[in-house]
Number of protein chains: 2
Amino acid sequence: MARYQEIALSLEQEISQAYHAGQYLPAEQRLAERYQVNRHTLRRAIDELVGKGWLLRQQGKGVMVLSKPVRYPLHAGAKFTDNLLNIGAAPTSQLLNLCRVDASERISEALQIPIASQVVQLKTLRFIDDTPVSLVFHHFKLGEHEIALGRYQEGSVHQFLKQHCHITLKRQHTVIGAQLPSANDSACLQVPSKTPLLRLQSINVDQQHQPFEFSVSHIRAELVELSLEHPL
Amino acid sequence: MARYQEIALSLEQEISQAYHAGQYLPAEQRLAERYQVNRHTLRRAIDELVGKGWLLRQQGKGVMVLSKPVRYPLHAGAKFTDNLLNIGAAPTSQLLNLCRVDASERISEALQIPIASQVVQLKTLRFIDDTPVSLVFHHFKLGEHEIALGRYQEGSVHQFLKQHCHITLKRQHTVIGAQLPSANDSACLQVPSKTPLLRLQSINVDQQHQPFEFSVSHIRAELVELSLEHPL
DNA sequence: GACTTTAAGTTATCTAGACAAGTAAGGCAG
DNA sequence: CTGCCTTACTTGTCTAGATAACTTAAAGTC
């Protein structure tokens, strides 16, 4: 077993016993001295625990110990916002960008439109208690509701659609994967490039069961896990 | 944007255009020379794409371009083995370890037994076409079927239970997360410590809807994604 | 031919040093 | 007191080099 793995294991034990969420580890240089290794080797050890969701790096501040992730139910009608309000957390959403883009193969298949035709793309960032949690790309067909969407600024997108367009969306199909963040993901979610993300691709349908929205969410896996009840 | 991120972006484009699954990239040293950077910087760039599921590192051989992941449906009755046979792949399972362990809080909660009471733990490794795909920890209550379980050696565990114990398991509750592999995960799944894994924790019930198995799967996210149909 | 050894080429790990970039707190001018 | 600047400390990135571990194929041995 590599030295950095030994150190990661040792640190993991120490954290679970002597630290609680919100506390900061000693500086990398100090830890490197304690373990008698180069700072790069110690960084590698910390990277292991960051990847497992135990620690969060904050440039200029230090390495923080995290708490257990929020469990997020995945029903057909499950709403990000409502779920979190129930827990007592303060969920917010912020519009980053609104534009038209050419539909990729995946998007056109999901929305049942021709490939390379244009769609409206909404890029939003979701927070829990001022911590960025997920980056979401919403895709809608062009059409009557496009102008209304242009007025969206913040808060739940699905709530907005319900109020201004009288459309209630339901989750119809979801594909779940995991990946490391791109440079853009890292920047928006304020995580280093080694913390894994959950990737959710959802097709949401309107009351007539017609595909209305295709969304791709990149979610910080140290903070959130998905929960699923299977019907009998 | 950091140099290694620029290189990752450049490589990603090149791969999607000029490579197909199974091909190998030029050696790190060559690529480092091409981009005029130190080999460590180029490694960091490759790490980005490994994390995104585009590439697979193989010590001593090189860096291989991967194909798109297998999509694995997650119904109540979904079976790893049957799903893959339908696709035309060759799924196998191998027993790594069988022992009794003390139930953690998570396990005892899932199986509805007292905390720290003992359970039977089966550790299995699943392959698709001789590639290790997931590492699974199965947990069962002690009891009448324990001896039968002791005879399990390979193939689908659920199939084995059906044939030898006449028990048909159904997925009742699933929690999905993502994390980087531990040292043990890396070794069993033959992946470096930077490729993210999907983590599936499932409670499986018998015909009387009683919790019978609690399993924890660590799945290579570059190879598999989970698919979910939501009922109306 | 079958097996072993060797060599070359590859990725993996560790060390060492430098500088950039971000944070926080104290000191200072207004 | 407020606002700005400086300074110290932290993490992030890049370079450079050495050695270990692993894979493959060719050369050698029986």
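Lettering follows sequence order; numbering is per chain, from 1.
Map A/Gln5 and A/Gly60 each onto its nearest nucleotide of DNA chain C; the residue landing nearer the 5' end is A/Gln5. Along DNA chain D, the nucleotide nearest A/Pro26 and the nucleotide nearest B/Gln58 are compared for position; the residue whose nucleotide lies closer to the 5' end is A/Pro26.
Salt-bridge check for A/Arg30 with A/Glu33: failed, with every basic side-chain N at 4.0 Å or more from each acidic carboxylate O. The pair A/Glu213-A/Arg171 does not count as a salt bridge, with every side-chain nitrogen at least 4.0 angstrom from each carboxylate oxygen. Ion pairing between a basic and an acidic side chain is recognised when a charged N comes within 4.0 Å of a carboxylate O; B/Glu48 and B/Arg43 show no such pairing. One finds a salt bridge joining A/Glu14 and A/Arg34 here, because a Lys/Arg side-chain nitrogen approaches an Asp/Glu carboxylate oxygen to under 4.0 Å.
No side-chain heavy atom of A/Arg100 sits under 4.5 Å from any side-chain heavy atom of A/Val119. Within the 4.5 Å cutoff, the side chain of A/Arg220 has heavy atoms near those of the A/Leu56 side chain. Annotation: side chain of B/Leu200 is not in contact with side chain of B/Val216 (no heavy-atom distance under 4.5 Å). In this structure, the side chains of A/Leu197 and A/Leu180 stay at 4.5 Å or more apart for every pair of heavy atoms. A heavy-atom distance below 4.5 Å is found between the side chains of A/Arg126 and A/Val136.
Backbone-only engagement by A/Arg44 is indicated by non-hydrogen atom pairs under 4.0 Å involving sugar-phosphate atoms exclusively.
Proximity note for A/Asn38 (side chain, C-beta onward) versus C/dT11, C/dC14, C/dA16: the nearest is C/dA16. With C/dA20, C/dT13, C/dA12 as the candidates, the nucleotide lying closest to the side chain of A/Gln59 is C/dA20.
Taking side-chain N and O atoms only, B/Lys61 has no distance below 4.0 Å to OP1 or OP2 of C/dT11. An OP1 or OP2 oxygen of C/dT11 is reached within less than 4.0 angstrom by no side-chain nitrogen or oxygen of B/Arg43. For the OP1/OP2 pair of C/dA16 and a distance below 4.0 Å, the side-chain nitrogens and oxygens of A/Arg39 include no atom meeting the criterion. A sub-4.0 Å separation between OP1 or OP2 of C/dT13 and a side-chain N or O of A/Thr41 is absent.
Counting to the nearest Å, the C1' atom of C/dA12 and the CD atom of A/Glu48 are 13 Å from each other. If you measure from atom NE2 of A/His40 to atom C1' of C/dG17, you get 8 Å, rounded to the nearest angstrom. In this structure, B/Glu28 atom CD and C/dA12 atom C1' are separated by 9 Å, rounded to whole Å. In this structure, CG of B/Leu56 is placed 12 Å from C1' of C/dT11, rounded to the nearest angstrom. Going from atom CD1 of B/Ile46 over to atom P of C/dA12 covers 9 Å, rounded to whole Å. Following rounding to the nearest Å, A/Asp47 (CG) and C/dA12 (P) show an atom-to-atom distance of 15 Å. Taking atom CE of residue A/Met1 and atom P of nucleotide C/dT13, one finds them 12 Å apart after rounding to whole Å. As rounded to whole Å, 19 Å separates atom P of C/dG22 from atom CE of A/Met64.
Taking the ring-ring contact (aromatic ring centres under 6.0 Å, His included) definition, one finds that A/His40 meets it with nothing, sequence neighbours left out.
Running 5' to 3' along DNA chain D, contacts with non-hydrogen atoms of chain B at under 4.0 Å begin and end at D/dT13 to D/dT24.
End-to-end axis angle for the helix from C/dG1-D/dC30 to C/dG30-D/dC1, using five pairs per end and rounding to 10°, comes out at 0°.
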